[in-house]
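The structure displayed is predicted, hence computed values, not measured ones.
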Amino acid sequence: MKSVYIFLLTLLVGLALGCASPQDKAYTAQEKVHKERLKLIDEYQKCLKKAGSDKTAVEACDSYLKAAEALK
């Protein structure tokens, strides 16, 4: 009987520690959005360097900037 109590206690502690709070989940989601925005901005900057003075290529690069702004 004592081993059953120890098992149940271990199970409950494991569940309590394994479950993330809603706040933790929100922080994780927000972090992913920020990382994606930074990635898009980096791609935008690389695209601008590659485009140089070609206006058509610069306009194509704007898609990265617009996508980053959409994630605000």
Between Y27 and the options Q23, K25, Q30, the side-chain hydrogen bond (donor to acceptor under 3.5 Å, both in side chains) test singles out Q23
Sequence neighbours excluded, the answer for side-chain contact (heavy atoms from CB on, under 4.5 Å) partners of E31 is K35
Going by chain and number, the hydrophobic cluster around L48 (ILVMFWY, side chain to side chain under 4.5 Å) further includes V33, L40, Y44, V58, Y64, L65, L71
Salt bridge (charged side-chain N to carboxylate O under 4.0 Å, His left out) pairs touching residues 38-60, sequence neighbours excluded, are none
Nearest heavy-atom approach of C47 to A57 is SG-O, 4.3 Å
